[in-house]
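Counting starts at 1 for both ligands and their atoms, in listed order. What's counted below: heavy atoms across the whole structure, side chains too, no hydrogens, waters or symmetry copies. All residue numbers in this chain count up from 1 along the given sequence.
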Amino acid sequence: MKRTKIIDIFSPELIGTEVSVMGWVRTRRGNKHVQFLAINDGSTIKNLQVVIDMAKFTDDDLRGVTTGSSVHVTGRLVESMGKGQTCEVQAETLKLFGTADPETYPLQKKGHTLEFLREKAHLRPRTNTFGAILRVRSTLAFAIHKFFNERGFFYLNTPLITASDCEGAGAMFQVTTLDLNNLPKTEDGKVDFSADFFGKPTALTVSGQLEGELGATALGAIYTFGPTFRAENSNTPRHLSEFWMIEPEMAFYDIVDNMDLAEDFIKYCINYALDNCRDDIDFLAQMYDKDLVDRLKFVVENSFVRLSYTEGVKILEESGRKFDFPVFWGADLQSEHERYLVEEHFKRPVILTDYPKEIKAFYMKLNDDGRTVRAMDVLFPKIGEIIGGSEREADYDKLLGRIEELNIPMKDMWWYLDTRRYGSVPHAGFGLGFERLVLFVTGMTNIRDVIPFPRTPNNAEF
Ligand code: 4AD
Ligand code: MG
């Protein structure tokens, strides 16, 4: 008999038929006449109830059927009398795949803390919470590809190993095959990277943008979606050392086109999750965040506020609020500032533009004032910055000027500069931190809980 996934079992036409289901036992209860198993196979938040008539089975048949064990059940699907479920299986056969020793299986009882589950990251996908989060994450990833595909964007794969520092923040993980205990040295005593695997220093990429610009200035509109790495020592609920980023890059777009796309994009993804993961989102809302669905709908239904950094700083200065980090024109905004603008002042998402050039990366288009660049950050309730992007500097001389000002090694940048030497066009793009989107949609508050195996300072377990 063909196996039916539990997500497909709750359809009325299967009532009265024989079904074959496989899954993990979440709970077992009952008495000597009848036993009930709740089984889950990961396809849905819903468990399937299996009713075991002990007139047909022996205690031996059920030995080892405990929380966490895995089973194969066949039987008739019938309408359920019990509350909270529409149907159940009356078991005819039951086979145990694998036991889970009740003495050691860590997910015995319900109601573990998220902190406890982080230490059991290898098993936490079997909980309701992490099943829901991982299904939402997967659905959002699909929505992202669908959004860009429907708009004629091409999916471009940019390298993970690179010799350039896109964001210029110097927060890169080195990649080397040199023997760290016996480093080859040059005559002046420095490490001889010509002996290294790539013949020069390399690192894991912080962003696929620079190569993305090569793609956009050939294919017109591209997006990347892949892992990026940041060796920042920031232990916050919003930073990971390894996170996934989506970076669209578009030729012939200015900053306004870029903002329009970013707003449409986020709203599309949130809507898609609401339409396709409602059971999971409702579960998470009920467990962790009663306002979740309202917040998601609010963001989808209302336009984002757009204002300049200069105006934003003015609002913060005039707020009378005492911030941990001082705010003044030229300061890099902290999450407390961003959240004040979004959650307290405007009470909706904000796109802040035209930041001082000193606090932004070298590639952003310089405004006529000579002091600000055509940057745009999308700021979200509970999250702060969810997207960072800009219109790019398309003028060869101005870009070269910035590269020189910032002492970026020119020899590493020749290929990037060629986009401005040959058929340069106005273009723009942005990066969405995937885990920050998943945080927002699931209502979770710690980024470690929305990626299967988080990488953070001092943590590379699993
Ligand atoms: O603002 P960022 O650093 O921008 C870039 O990397 C540009 N190259 C993007 C572009 O224009 N193509 O990063 C973009 C987004 C942030 O807004 C944030 O959502 C996320 O990436 N992000 C992180 N997410 C998790 N952990 C971290 N350490 C992150 N750093 C950035
Ligand atoms: Mg940023």
Donor on one side chain, acceptor on other, Ser335 and Glu338, under 3.5 Å: no

Parallel, tilted or perpendicular, as decided by the 30° and 60° cut-offs, for the rings of Tyr416 and Phe362: perpendicular

Side chain, backbone, both or neither: the part of Val378 lying under 4.0 Å from ligand 1 by heavy atom: neither

Inter- and intrachain pairs under ring pair (Phe, Tyr, Trp, His ring centres under 6.0 Å), touching residues 272-293, at least two apart: none

Heavy-atom nearest option to atom 24 (N) of ligand 1, drawn from Phe229, Tyr363, Trp244, Phe243: Phe243

Min N/O separation Glu167 to ligand 1 under 3.5 Å: yes

Presence of salt bridge, Glu263 and Lys267, under 4.0 angstrom: yes

Identity of the nearest option to atom 19 (O) of ligand 1, non-hydrogen atoms only, from Ile386, Thr236, Asn258: Ile386

Ligand 1 contacted by Met245 (non-hydrogen, < 4.0 Å): yes

Whether Trp244 and Phe225 hold their rings parallel, tilted or perpendicular, with breakpoints at 30° and 60°: perpendicular

Minimum non-hydrogen distance to atom 2 (P) of ligand 1, winning option of Gln209, Arg392, Arg230: Arg230

Ser207 and Glu247: side chain donor to acceptor below 3.5 Å: yes

Number of protein N/O/S atoms that sit closer than 2.8 Å to the Mg ion (ligand 2): 1

For Arg238, the ligand 1 atoms whose distance to one of its heavy atoms is below 4.0 Å: 25 (C), 26 (N)

Glu167 versus Tyr363, side-chain donor and acceptor atoms under 3.5 Å: yes

Polar atom proximity, His239 to ligand 1 (N or O, under 3.5 Å): no

Exercise: do Trp329 and Thr310 side chains pair donor with acceptor under 3.5 Å: yes

Residue Ser207 vicinity, atoms of ligand 1 by number, heavy atom under 4.0 Å: 6 (O), 8 (N)

Pair Asn276, Thr139: side-chain N/O donor-acceptor within cut-off below 3.5 Å: no

Atom indices of ligand 1, in the order listed, that fall short of 4.0 Å to a heavy atom of Gly433: 15 (C), 19 (O), 20 (C), 21 (O)

Ring geometry between Tyr155 and Tyr223 (parallel below 30°, tilted from 30 to 60°, perpendicular above 60°): parallel

From the candidates Val206, Leu240, Thr228, the one that places a heavy atom nearest atom 28 (N) of ligand 1: Leu240

From CA spacing to verdict: salt bridge (charged side-chain N to carboxylate O under 4.0 Å, His left out), Asp8, Lys5: CA-CA 5 Å; Asp8 298 324; Lys5 283 194 185 180; over 6 Å; no

Contacting atoms of ligand 1, where contact means under 4.0 angstrom from a heavy atom of Glu232: 28 (N)

